[in-house]
> 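Take a look at this one; I'll ask things after.
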2 protein chains.
Amino acid sequence: MGAAKETLGEEQPWAEVSPDAARRLLIAAVDAFAERGYHATTTRDIAGRAGMSPAALYIHYKTKEELLHRISRLGHDKALAILRAAADGEGTAADRLSAAVRSFVRWHAGHHTTARVVQYELDALSAEHRAEIVVLRRLSDAAVREIINDGVRAGEFDVPDVPGTTLAVLSLCIDVARWFDVGGRRTPDEVGALYADLVLRMVGAAQR
Amino acid sequence: MGAAKETLGEEQPWAEVSPDAARRLLIAAVDAFAERGYHATTTRDIAGRAGMSPAALYIHYKTKEELLHRISRLGHDKALAILRAAADGEGTAADRLSAAVRSFVRWHAGHHTTARVVQYELDALSAEHRAEIVVLRRLSDAAVREIINDGVRAGEFDVPDVPGTTLAVLSLCIDVARWFDVGGRRTPDEVGALYADLVLRMVGAAQR
DNA sequence: CACTTGCCTAAGCGCTTGCTCACCTTCAGG
DNA sequence: CCTGAAGGTGAGCAAGCGCTTAGGCAAGTG
């Protein structure tokens with residue numbers, strides 16, 4: 001009550017989802033999926049969290065799986081956009097890799113409930129939907145590999161195994177969604193800074 | 001048929017589980033949980049994979065959750081033993097950290113089906129069982145932190161944030177279970193070697 | 001031999017699941 | 001004032017769930 005429009009002007013998540021009821025259902029689903037997992041979440045639970053009857057869900061989404069797909073798609077779009085923005089940015093390869101890791105990790109920590117669904121519920125998608133998502137994931141991988149390759153070519157980085165290191169960097173960042181705890185001592189910013197430093201060390205970028 | 005005792009003499013997994021029927025059920029459960037997740041797996045599926053009727057499961061295990069708990073407990077015991085063996089081993093801190101990462105990663109890749117259940121189905125455990133497992137996880141964290149602290153004290157490592165780096169190292173290794181693919185190009189040994197190198201870089205250990 | 005014990009199955013109970021259907025309300029446009 | 005679309009509800013269906021029960025069979029023991 002009264003918290004309807006907290007910090008107005010801030011980039012509101014899920015703004016692209018309309019109408020309002022569909023967005024409320026989607027947000028409820030993100031919370032429920034993140035908390036219990038897709039298979040352990042019931043459609044009644046989602047509807048209940050959104051303040052609606054179970055049947056209301058099916059006015060806006062054909063199935064429970066379509067809800068997951070929508071969440072997964074939007075989340076992957078956002079994650080890819082973050083990485084591409086860093087890859088296409090200005091500065092040295094070290095600057096861009098640092099920026100990529102920092103913003104990517106910040107998103108996984110700050111939106112860890114969304115990220116958890118996006119990163120750990122891929123198996124619950126239908127074969128067609130999963131195939132669509134896998135394409136986006138390969139693009140994310142390409143964005144990071146691109147930066148690392150640039151750094152190697154420029155002599156900034158020392159990386160014996162570029163594909164393997166790319167995989168490790170992404171894996172490290174993604175797993176933040178699993179362990180990050182809002183009640184914990186670290187802020188998303190702090191984790192992002194720590195991880196950016198660790199990743200620069202992994203690629204052998206000369207420090208300071 | 002005939003494959004009953006393949007490569008006899010090799011350390012057989014789940015040898016500590018008896019009788020034979022209970023072990024077959026547990027192995028079937030590991031496969032099913034790893035493939036579909038705990039909640040998406042039915043007791044009929046587990047029993048079917050073990051070649052038994054659904055009711056047979058309840059002769060050996062009280063509930064489906066007890067099966068998960070047994071798997072999780074044994075897996076965490078094994079994971080902790082691997083880390084402790086490395087932490088208590090001989091050599092410099094760099095030697096021990098390298099050995100810890102190498103063997104820990106090798107286990108997560110080689111037994112990625114077990115590791116997936118162990119690492120990603122914690123939420124499906126009952127509150128009491130989860131509490132028991134969390135203790136083991138804290139001990140694993142302590143083992144790694146111990147090595148890193150040793151390295152810092154000896155001047156071998158340069159680590160500004162020991163708890164954060166410990167978390168990142170464990171996170172990196174654990175996430176191998178999520179992406180490792182048997183059909184992929186890398187063997188568990190290769191991933192272990194790559195990761196050991198990456199982690200030594202993360203802690204600033206002087207290379208060669 | 002009778003009897004217990006260990007291990008297994010067929011059948012099915014009670015409940016929850018994803019999803020549907022008949023119906024209701026609100027409201028803009030002619 | 002009537003109409004039709006949009007968005008919601010209560011009740012409930014068919015299927016599948018975790019788990020139980022009654023009973024069968026083989027092996028070991030007095």
Side-chain angles (χ1 to χ4, degrees), chain A residues 4 14-72 117 121-130, chain B residues 4 14 16-72 117 121 123-130:
Chain A
W14 308 120
E16 57 271 69
V17 182
S18 74
D20 183 69
R23 179 168 53 246
R24 271 159 50 218
L25 282 164
L26 189 133
I27 292 171
V30 168
D31 288 347
F33 292 163
E35 204 175 300
R36 312 214 226 283
Y38 174 80
H39 289 293
T41 299
T42 69
T43 54
R44 283 166 236 267
D45 183 23
I46 297 170
R49 285 178 193 239
M52 301 178 188
S53 77
L57 195 154
Y58 294 90
I59 294 167
H60 301 280
Y61 302 94
K62 276 208 293 285
T63 63
K64 177 181 157 189
E65 192 269 347
E66 188 193 309
L67 245 176
L68 175 64
H69 172 240
R70 283 273 235 283
I71 294 167
S72 196
V117 180
E121 300 289 355
L122 284 184
D123 292 343
L125 290 170
S126 71
E128 298 79 31
H129 286 161
R130 187 165 49 246
Chain B
W14 309 118
E16 57 271 68
V17 182
S18 73
D20 182 69
R23 179 169 52 246
R24 271 159 50 218
L25 282 165
L26 188 133
I27 292 171
V30 169
D31 288 348
F33 290 163
E35 205 173 301
R36 310 215 227 285
Y38 174 80
H39 289 293
T41 298
T42 69
T43 54
R44 285 165 233 265
D45 182 25
I46 297 170
R49 285 177 193 239
M52 299 179 190
S53 79
L57 196 153
Y58 293 90
I59 294 165
H60 301 281
Y61 303 94
K62 274 207 295 285
T63 64
K64 177 181 155 188
E65 192 268 347
E66 189 192 308
L67 244 177
L68 175 64
H69 172 240
R70 283 271 236 283
I71 293 166
S72 196
V117 180
E121 299 288 355
D123 293 343
L125 290 170
S126 71
E128 298 80 31
H129 286 161
R130 187 166 48 246

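It should be emphasised that the depicted structure is a prediction, and the values quoted were computed from it without experimental measurement.
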> Nearest 0.5 Å, what's the CZ-CG distance between Arg23(B) and Asp20(B)?
5.0 Å
> Just how far is it from atom OG1 of Thr41(A) to atom CD of Glu121(A), taken to the nearest 0.5 Å?
8.0 Å
> Using heavy atoms and a sub-4.0 Å distance, could you list which residues of residues 33-47 of chain B are near DNA chain D? By number, please.
Thr41(B), Thr42(B), Thr43(B), Arg44(B)
> Hey, does the Lys NZ or Arg CZ of Lys64(B) hover above the aromatic six-ring of Tyr38(B), less than 6.0 Å from the centre and inside 45° of the axis?
yes
> Between Arg24(A) and Ala50(A), is there a donor-acceptor pair closer than 3.5 Å when you use the side chain of the first and the backbone of the second?
yes
> Contacts to DNA chain D from residues 51-69 of chain A, heavy-atom cutoff under 4.0 Å, which residues?
Met52(A), Ser53(A), Ala55(A), Ala56(A), Ile59(A), His60(A)
> Quick check for you: to the nearest 0.5 Å, what is the distance between Ile27(A) atom CD1 and Ile46(A) atom CD1?
13.0 Å
> Who pairs with Ala47(A) by side chain to side chain contact (heavy atoms under 4.5 Å, CB included), at least two apart in sequence or on another chain?
none
> Walk along DNA chain D from 5' to 3' and tell me the first and last nucleotide with an atom closer than 4.0 Å to a non-hydrogen atom of chain A.
dG8(D) to dG12(D)
> Taking only residues two or more places apart in sequence or in another chain, which ones pass side-chain hydrogen bond (donor to acceptor under 3.5 Å, both in side chains) with Asp45(B)?
Arg36(B), Arg49(B)
> Going by side chain to side chain contact (heavy atoms under 4.5 Å, CB included), name the residues that satisfy it together with His39(B), two or more places apart in sequence or in a different chain.
His39(A), Ala40(A), Ala124(B)
> For the NE2 atom of His69(B) and the CG atom of Leu125(B), what is their distance to the nearest 0.5 Å?
7.0 Å
> Applying side chain to side chain contact (heavy atoms under 4.5 Å, CB included), can you list everything that pairs with Ala22(B), at least two apart in sequence or on another chain?
Val17(B), Pro19(B), His60(B), Tyr61(B)
